[in-house]
Amino acid sequence: MASGSPSVGGAVTGEGGAETGGTANEGSAGAGGSGTIVPCEWKSPGQGLLAGKYAAHFPIGTAVRAWHLKNQTQILTGDFNHLTAENAMKAEDIHPAEDTFHWGEADAIANFARQNCMKMTGHALLWHRQAPAWMFQGIVAEDPASLKILKARLKAHIEAVVARYADVVDNWDVVNEAISDTDAKTYRDAAEGSKWFELFGSHDYIYWAFLYARDALEANAPGSSKGKLYYNEYVLTKKADKVLKMLAWLKGKGIQVDGVGFQSHEQLEWPAVAGLQLAFDKVSAAGYKIKISELDVTVYADYVTGTFDPQPEVPFTAALETTQAKRFASLFALYRKNKSIITSVTVWGISDDRTWLDNEPVVGRDDYPLLFDDAHQPKAARASIVNF
Ligand code: GLA
């Protein structure tokens with residue numbers, strides 16, 4: 001996924017892709033499924049379409065579920081050339097029991113990507129949330145024999161997922177959100193919800209996850225891990241120094257991470273573009289690539305005072321639409337300016353009727369953070385980033 005060049009890959013013909021859910025170990029065997037691999041080059045759509053407009057900058061991705069493949073096919077294949085499974089590749093979804101894989105939805109998304117000459121983000125191999133209970137079952141914290149079992153489980157999980165999607169994934173979120181939210185601590189610990197930290201008694205698990213991911217890719221094709229190992233995190237304007245400390249620690253242990261995913265769940269006025277540029281500069285100066293991995297722009301500012309202060313629901317007025325479009329425009333201007341270090345930009349969903357922000361941080365409060373509205377029509381935000 002070199003910056004500036006659209007993804008080139010192999011398309012699989014003759015596969016419809018399985019549906020969500022299904023039974024244990026369902027789906028066709030092997031990373032490519034049973035279809036015939038044919039050479040495939042992503043065809044730049046018209047200049048009026050988003051991914052085509054950005055062909056000389058970076059791939060434009062979106063997060064999808066199986067639903068999107070069937071119901072928003074045209075938008076997907078027109079505006080986007082990169083995909084992330086919103087949930088389907090997370091451990092809890094894809095590996096719900098030690099001997100059970102639910103490949104169905106992830107396979108459907110991967111096959112859609114293969115058929116449409118898109119590449120994917122592998123999201124996410126290790127995360128403290130949406131991790132299956134079996135992974136930690138019976139493990140005694142800081143007990144060496146027990147940790148051996150936990151490491152074997154993690155390794156098996158990473159190997160299985162990496163092998164299946166190595167052909168279509170051009171970057172892996174190996175570890176997601178391992179840095180603490182509090183200033184006093186570097187790493188997310190048990191008090192902040194990390195079972196991984198609790199059981200290992202340290203942040204060592206991060207090293208093992210990267211090692212297993214790198215080795216799984218190398219076992220699949222020697223040299224193929226290069227450029228693909230990412231660490232994914234939120235609020236990098238605050239956490240960049242801690243992330244770089246972690247990446248330096250990994251480097252000291254022989255693990256070269258390639259890049260940092262800036263989740264980019266942004267607000268209308270925060271963080272400031274200047275603060276983002278500063279964080280980009282720090283990460284880039286330390287030798288890492290950057291990807292914008294989960295962009296959306298909420299219309300609420302619940303944390304503006306520093307503590308959580310939920311705002312009441314508002315309608316999506318024309319004024320709000322204009323303000324949001326300006327914010328998207330300035331974010332994409334920033335990304336374009338940094339295209340030599342940005343490897344992809346992914347929006348966290350397609351249309352406002354399906355966004356996690358309708359239920360977080362306030363359940364049932366309508367939010368409008370994406371490029372298409374509830375009726376799947378393009379918003380001013382989309383126009384503002386296409387017309388530059
Ligand atoms: C984090 C995760 C994503 C997603 C969002 C909320 O950012 O990385 O996978 O779960 O939270 O939807």
Side-chain angles (χ1 to χ4, degrees), residues 20 61-68 82-96 102 105-106 109-110 120-132 157-158 161 165 169 171-181 187-188 192-196 206 209 213 229-240 243 246 257 259-267 270-271 276 279 290-300 302-303 308 310 331 344-371:
T20 314
T62 187
V64 292
R65 304 176 177 210
W67 182 89
H68 296 96
H82 206 273
L83 297 181
T84 303
E86 185 179 354
N87 291 302
M89 285 191 190
K90 290 174 183 167
E92 186 182 60
D93 287 59
I94 206 165
H95 200 171
H102 279 183
E105 186 174 13
I109 296 168
M120 291 187 69
T121 292
H123 177 74
L125 294 173
L126 186 151
W127 191 26
H128 65 286
R129 295 175 67 185
Q130 293 180 255
H157 168 72
I158 288 177
V161 176
Y165 303 114
V169 168
N171 76 98
W172 292 91
D173 288 333
V174 180
V175 175
N176 196 25
E177 302 182 351
I179 295 296
S180 174
D181 291 332
Y187 295 100
R188 178 185 301 282
E192 287 181 288
S194 178
K195 201 78 188 155
W196 291 107
I206 300 168
L229 304 176
Y230 276 70
Y231 173 72
N232 199 45
E233 185 58 87
Y234 56 83
V235 193
L236 267 298
T237 42
K238 206 175 140 201
K239 297 184 175 182
V243 169
M246 177 188 76
V257 173
V260 176
F262 281 57
Q263 288 189 0
S264 312
H265 297 293
E266 314 296 35
Q267 298 181 4
W270 177 93
L276 285 167
I290 287 162
K291 63 169 178 166
I292 306 303
S293 54
E294 305 183 13
L295 175 65
D296 45 27
V297 177
T298 177
V299 303
Y300 300 102
D302 304 310
Y303 296 93
F308 180 58
L331 288 170
S344 62
V345 175
T346 292
V347 185
W348 203 243
I350 296 178
S351 49
D352 289 340
D353 57 327
R354 281 164 193 266
T355 165
W356 69 295
L357 289 168
D358 281 347
N359 286 302
E360 274 189 58
V362 180
V363 178
R365 184 183 63 182
D366 220 0
D367 204 345
Y368 323 92
L370 298 169
L371 301 175

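Order of listing sets the numbers, starting from 1, for every ligand and every atom in it.
Side-chain contact of Asn87 with Gln130: a donor-acceptor pair under 3.5 Å is present, judged by distance alone.
Of the residues Glu192, Lys195, Arg188, the one that meets the side-chain contact (heavy atoms from CB on, under 4.5 Å) test with His128 is Arg188.
Distance from atom 9 (O) of ligand 1 to its nearest protein heavy atom, with residue and atom name: His123 NE2, 2.6 Å. In terms of protein heavy-atom proximity, atom 5 (C) of ligand 1 is closest to Glu294 OE1, 3.9 Å.
For the pair Lys291 and Phe262, the cation does not sit on the ring face, since its NZ or CZ is not both under 6.0 Å from the ring centre and inside 45° of the axis.
Between Trp172 and His123, the ring center distance fails the sub-6.0 Å criterion.
Listed here is the closest heavy atom pair of Pro369 and Thr298: CB-N, 4.0 Å.
Scanning Lys90, Arg129, Gln130, Gln263 for the heavy atom closest to atom 4 (C) of ligand 1 points to Lys90.
Within ligand 1, counting atoms from 1 as listed, the ones closer than 4.0 Å to a heavy atom of His265 are 7 (O). Residue Asn176 approaches ligand 1 through these ligand atoms, each under 4.0 Å from one of its heavy atoms: 2 (C), 8 (O).
Heavy-atom distances between Tyr234 and ligand 1 stay at or above 4.0 Å for every pair.
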